[in-house]
Number of protein chains: 2
Amino acid sequence: MMQAPLLLSSFVKRAERFFPDKLIISRTGDTIHRIPYRDFAKRTRQLAAALTKLGMAKGTKVGSFAWNHHRHLELYFGVPCSGAILHMINIRLSPEHIVYVINHAEDEILLVDHDLFPLIEKLAPQLTTVKHFIIMKDGADLPETSLENVHSYEMLLAGEADDYEFPEDLDENTPAGMCYTSATTGNPKGVVYSHRGLVLHSYALGMNDAMGLSERDVAMSIVPMFHANAWGLPFAAVLFGTTQVLPGPGFAPGMLLDLIEQEKVTLTAGVPTIWLGVLKELEANPRNLESLRMIICGGSASPKGLIRAFEEKYNVPFVTGYGMTETSPLVSLAITTSAMENMTLDERIDKRSKAGLPMPGLEVRIVNEQGEAPWDGETMGELNVRGPWIADEYYKDERTEDAFRDGWLYTGDIAVIEPDGYIKLTDRTKDLIKSGGEWISSVDLENALMTHEAVFEAAVVAIPHEKWLERPLACVVLKEGYVEGPVMKTQLLEYLESQFAKWWVPDDVFFMEEVPKTSVGKFLKAALRKELDHYYQ
Amino acid sequence: MMQAPLLLSSFVKRAERFFPDKLIISRTGDTIHRIPYRDFAKRTRQLAAALTKLGMAKGTKVGSFAWNHHRHLELYFGVPCSGAILHMINIRLSPEHIVYVINHAEDEILLVDHDLFPLIEKLAPQLTTVKHFIIMKDGADLPETSLENVHSYEMLLAGEADDYEFPEDLDENTPAGMCYTSATTGNPKGVVYSHRGLVLHSYALGMNDAMGLSERDVAMSIVPMFHANAWGLPFAAVLFGTTQVLPGPGFAPGMLLDLIEQEKVTLTAGVPTIWLGVLKELEANPRNLESLRMIICGGSASPKGLIRAFEEKYNVPFVTGYGMTETSPLVSLAITTSAMENMTLDERIDKRSKAGLPMPGLEVRIVNEQGEAPWDGETMGELNVRGPWIADEYYKDERTEDAFRDGWLYTGDIAVIEPDGYIKLTDRTKDLIKSGGEWISSVDLENALMTHEAVFEAAVVAIPHEKWLERPLACVVLKEGYVEGPVMKTQLLEYLESQFAKWWVPDDVFFMEEVPKTSVGKFLKAALRKELDHYYQ
């Protein structure tokens with residue numbers, strides 16, 4: 001067989017050759033651009049030529065600090081197709097971490113959205129490797145700035161011919177992109193993506209047994225392009241010539257619903273928080289969702305109420321996915337197999353709330369202290385993943401050896417796998433409760449508590465125990481109108497006793513005002529444990 | 001990213017882990033076997049163990065001489081997953097060519113269907129490399145034979161444990177299979193498939209913009225497993241855990257329709273001759289085709305009447321595909337893009353009769369004497385293909401240098417490419433008519449002639465011409481009741497004049513009784529030219 005390398009440049013060539021009139025619909029603030037792939041390809045080539053003149057060569061790190069829009073998409077291809085590496089910087093990192101990741105990656109060119117530039121300008125003195133700043137905005141004018149080497153994106157492109165040829169002789173293992181993932185403690189950890197990994201991940205997204213992304217779709221990536229490749233959708237959409245909607249800055253539910261309705265979006269992807277907001281807006285201002293054939297929800301577990309609302313009321317399949325920055329990111333999707341075709345709505349919603357079936361091309365296993373755990377839906381283990389779009393290291397980082405062992409990625413997620421291969425996440429390794437040598441899932445207990453009518457939110461953590469080493473403690477925020485105290489405590493524990501083995505039931509309930517959370521709404525158990533200081537004495 | 005090789009063994013592991021209860025429905029003569037993937041995987045491992053004991057090692061060529069059934073599927077995986085190479089021998093080759101391909105490939109073990117064994121037995125004295133013959137049949141008994149080293153397939157399997165572990169450290173470029181393709185003159189030419197090529201080809205078959213093969217499908221491969229990997233369906237079906245139907249010996253339309261109806265086949269693939277027979281049978285004995293979501297037709301151009309009948313009368317999308325042994329084989333499929341969604345039935349049938357859109361992952365171009373030809377739907381050129389599942393040589397064959405040049409496969413097919421990227425085949429290079437420096441498509445003229453009410457079949461060939469070098473000659477077989485002669489000749493030429501430029505219209509019409517054909521029903525123009533000897537004086 002031919003040694004034809006799997007390169008992202010083939011996506012650009014396919015889109016411009018076969019789907020030149022298909023659109024990238026890009027919102028930049030108040031303006032909505034409608035850019036045919038023909039022009040996208042030309043601009044991507046102009047961009048590659050311009051960056052090359054600024055010093056971009058094979059292996060150069062180029063940073064992006066931007067929302068989801070057509071210019072970011074041009075970077076997604078213009079940089080790696082030239083052999084350089086696009087570092088997609090999470091704009092939500094703390095200023096210290098932003099400085100850390102840019103310096104650690106050694107970004108030489110930084111492309112920044114106009115509205116995000118003030119932040120970068122402030123940090124610029126601490127950036128040790130950046131030689132050029134390029135501002136991305138509509139129009140070629142530049143803002144006032146004290147920085148040197150600031151360029152206008154549109155001005156740079158305008159100065160270049162659009163026939164730049166991407167090299168065809170790159171090795172498919174050439175790095176193409178990188179993202180940093182935040183760690184519980186310490187600096188973010190870098191993950192480097194290769195052309196081969198991103199191409200195969202894109203193939204997988206097109207499979208009927210995954211998202212089935214097609215030329216006939218209109219795909220809207222709500223998940224940010226600075227977060228795990230926007231789940232790979234922008235790459236795959238170019239391969240298939242899919243119309244894509246890039247919703248620009250902000251995530252207002254009304255704006256997202258307007259785009260779905262106006263552009264007849266068929267497939268869209270985002271985190272549960274987005275969909276909770278969208279649902280609320282939908283209920284206040286009903287819209288036409290008929291065009292939607294699939295909502296993909298990932299980043300954390302999908303609440304069943306959310307799934308039910310979309311599937312039952314709006315008739316939109318609401319599919320949970322699982323992945324992480326280290327996995328490009330798609331590991332699994334809660335798709336419907338033939339064995340599930342005759343399920344009741346309740347059964348289907350139960351399945352849909354899980355992490356789902358591993359993608360074709362990947363392997364998974366769960367491991368605990370006894371070794372590889374059986375797929376019985378009960379035995380917990382740390383989820384391990386391997387395959388061609390799974391990272392094998394953190395970039396120049398000693399934490400590599402914790403996460404990547406014997407050829408597998410140790411995800412840090414505790415899961416059970418059901419006999420049919422469906423993955424169900426039960427915990428993060430660091431939140432797992434190990435009581436008398438047995439594992440207790442904090443997530444299962446939390447989910448159960450949150451179905452109690454009095455409970456607004458609940459987090460379960462391990463506290464030290466003389467005999468059992470660890471025991472679960474329930475931290476509960478009550479809904480308004482319910483009263484904290486021993487009666488409620490007994491009620492809640494009895495409620496759990498009816499559902500779990502006795503040794504799973506927490507020893508105590510701690511009532512509190514609010515569970516501390518991360519910026520994306522996940523429970524911040526490390527902070528919670530600090531508040532519970534007295535239990536740890 | 002991890003260096004996870006793309007290996008066929010991952011398909012077996014996926015099927016047995018995730019879809020152990022899904023079925024392979026295999027017809028062997030009168031018996032229909034229903035084999036769950038769980039058992040398929042065990043038998044495949046037993047087979048690998050048994051063949052290893054008979055001397056199969058990495059790189060060993062193992063030949064199969066068999067119909068489409070579960071044992072052949074076990075060979076499809078048991079041989080390559082162990083690092084050896086499965087040579088799928090075309091049972092329709094002449095005895096001389098059968099001997100040639102077995103000796104040329106240096107097959108050491110030969111697995112033969114019981115009903116085909118007498119042929120191999122006769123040829124055995126000429127087979128210089130074969131050390132073992134294994135007979136595939138229901139039951140473990142052996143036929144009487146004068147040959148030594150004849151084994152029973154079922155007996156061999158019964159003697160082995162089912163926990164043979166396929167090596168995980170194979171290079172993905174390791175050869176996995178080989179097929180020979182017949183040449184116009186000389187011996188068949190061998191094509192070697194790699195694990196990487198077959199894995200990527202399988203991924204492509206699962207894409208929504210190709211066949212969209214899914215776990216929820218019931219796929220029936222009518223195209224023989226000894227012919228271009230049965231278009232890759234048996235491989236991809238194992239990857240996706242698709243129920244598959246293998247229809248065994250023979251191709252009786254009634255039997256195929258019974259299987260479609262009984263097993264609720266959703267997708268099936270075969271050559272036009274098969275579908276013409278199926279259509280005839282359908283019209284005599286109507287069946288329920290509701291389960292079918294796609295018929296794939298390839299091997300030669302699909303007659304429009306055939307497409308119309310399936311699409312209009314039976315409401316089954318009838319999709320033409322294009323490929324060849326050298327291309328694993330899928331190059332293109334006449335899929336419906338969004339631009340075609342509002343087409344009339346006639347327009348859609350016109351599109352469906354073409355070779356279609358190249359698969360994601362492949363590149364195509366057309367070249368003629370002026371270099372690369374534009375995609376204008378009019379300019380003809382020889383179709384070139386490249387990509388990771390396209391061969392780069394004929395196995396140990398000097399004819400490699402004709403077909404594989406500057407990194408492309410020269411297919412020998414003349415095509416135009418329409419502005420939307422749709423490929424339309426117009427000729428074979430050797431049948432193209434070059435008149436006064438311009439190219440004339442024999443296929444276009446033939447298709448036009450065959451729409452005339454008096455014409456049963458028509459072939460157009462080049463005859464020498466003093467001034468123009470070549471001119472077209474129409475060879476026509478009339479339907480019963482029509483009269484050959486100058487009146488008919490004038491009628492036919494006028495009919496063509498109304499549709500083509502004047503210089504395309506043949507100089508003469510030669511009436512004949514029958515157009516000589518190959519065993520698969522294609523016109524044999526070399527033989528035709530011999531009959532027309534007097535034109536070549």
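In what follows, every chain begins at residue 1, and chains take the letters A, B, ... in the order their sequences are listed. What you see below is based on every heavy atom in this structure, not just the backbone, and it leaves out hydrogens, waters and symmetry mates.
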Next on the checklist: Are more than 12 heavy atoms, taken from residues, nucleotides or ligands other than N342(B), located less than 6.0 Å from that residue's CG atom?
Outcome noted: no

Checklist entry - Given a strict heavy-atom distance threshold of 4.5 Å, which part of M359(B) is in contact with chain A: side chain, backbone, both, or neither? => result backbone

Checklist entry - Which region of V218(A), side chain (C-beta onward) or backbone (N, CA, C, O), has a non-hydrogen atom less than 4.5 Å from a non-hydrogen atom of chain B, or is it both or neither? => result neither

Checklist entry - Should the pair Y203(A) and Y203(B) be assigned to parallel (<30°), tilted (30 to 60°) or perpendicular (>60°) ring geometry? => result perpendicular

Checklist entry - If you measure from OH on Y422(B) to CZ on F18(A), what distance do you get to the nearest 0.5 Å? => result 11.5 Å

Next on the checklist: Using heavy-atom distances under 4.5 Å, tell me whether L239(A) contacts chain B through its side chain, its backbone, both, or neither.
Outcome noted: side chain

Next on the checklist: At a heavy-atom distance under 4.5 Å, which candidate from S10(A), G197(A), G212(A) has the highest pair count against chain B?
Outcome noted: G212(A)

Checklist entry - Using a cut-off of under 4.5 Å for heavy-atom pairs, which of L205(B), L6(B), L213(B), D420(B) has the most such pairs with chain A? => result L6(B)

Next on the checklist: Are there over 12 heavy-atom neighbours, none belonging to E372(B), within less than 6.0 Å of that residue's CD?
Outcome noted: yes

Item to check | When V199(A), D392(A), L409(A) are compared by non-hydrogen pairs under 4.5 Å with chain B, the top option | outcome: D392(A)

Checklist entry - Roughly how far, to the nearest 0.5 Å, is the CZ atom of F240(A) from the OG1 atom of T337(B)? => result 15.0 Å

Checklist entry - What part of S194(B) is in contact with chain A, defined as an atom under 4.5 angstrom from a non-hydrogen atom: side chain, backbone, both or neither? => result both

Checklist entry - Who wins among Y193(B), F11(B), F404(B), W375(B) for the most heavy-atom pairs under 4.5 Å with chain A? => result W375(B)

Checklist entry - Among P419(A), S214(A), G421(A), who wins on heavy-atom pairs under 4.5 Å with chain B? => result S214(A)

Item to check | Between CG on residue L362(B) and CE on residue M2(A), distance to nearest 0.5 Å | outcome: 9.5 Å

Next on the checklist: Between L357(A) and chain B, with a heavy-atom cut-off of 4.5 Å, which part of the residue counts as in contact: side chain, backbone, both or neither?
Outcome noted: side chain

Item to check | Under 4.5 Å from a heavy atom of chain A, the part of E168(B) involved | outcome: side chain

Item to check | Heavy-atom contacts under 4.5 Å, residues 322-331 of chain A to chain B | outcome: S328(A)

Next on the checklist: Between V191(A) and chain B, with a heavy-atom cut-off of 4.5 Å, which part of the residue counts as in contact: side chain, backbone, both or neither?
Outcome noted: side chain

Checklist entry - Given the rule in the side-chain contact (heavy atoms from CB on, under 4.5 Å) test, do M1(B) and R196(A) qualify, once you have shown the distances and angles that lead to the verdict? => result CA-CA 9 Å; M1(B) 295 288 109; R196(A) 173 181 162 105; over 6 Å; no

Item to check | Residue pairs involving residues 201-214 of chain B (criterion salt bridge (Lys or Arg N to Asp or Glu O under 4.0 Å); sequence neighbours excluded) | outcome: R216(A)-D209(B)

Checklist entry - Can you say whether E393(A) sits under 4.5 Å from chain B via the side chain, the backbone, both, or neither, judging by heavy atoms? => result neither

Next on the checklist: One pair to check against side-chain contact (heavy atoms from CB on, under 4.5 Å): S338(B) and K22(A). What are the steps and the verdict?
Outcome noted: CA-CA 9 Å; S338(B) 56; K22(A) 297 293 301 290; 3.7 Å; yes

Checklist entry - For E401(A), does the CD atom have more than 12 heavy-atom neighbours from other residues, nucleotides or ligands under 6.0 Å away? => result no

Next on the checklist: Need one label for E418(A): side chain, backbone, both or neither, based on atoms under 4.5 Å from any heavy atom in chain B.
Outcome noted: neither

Checklist outcome for this item: Scanning both residues in full, the closest heavy-atom pair of G387(A) with A4(B) reads C-CB, 3.6 Å

Checklist entry - Can you tell me if Q3(B) and N173(A) form a side-chain donor-acceptor pair at under 3.5 Å? => result yes

Checklist outcome for this item: Turns out that what part of P5(A) lies under 4.5 Å from chain B's heavy atoms comes down to backbone

Item to check | Between OG1 on residue T336(A) and CD on residue E215(B), distance to nearest 0.5 Å | outcome: 10.0 Å

Checklist outcome for this item: Cut-off 4.5 Å, heavy atoms of chain B, and the answer for R14(A) is side chain

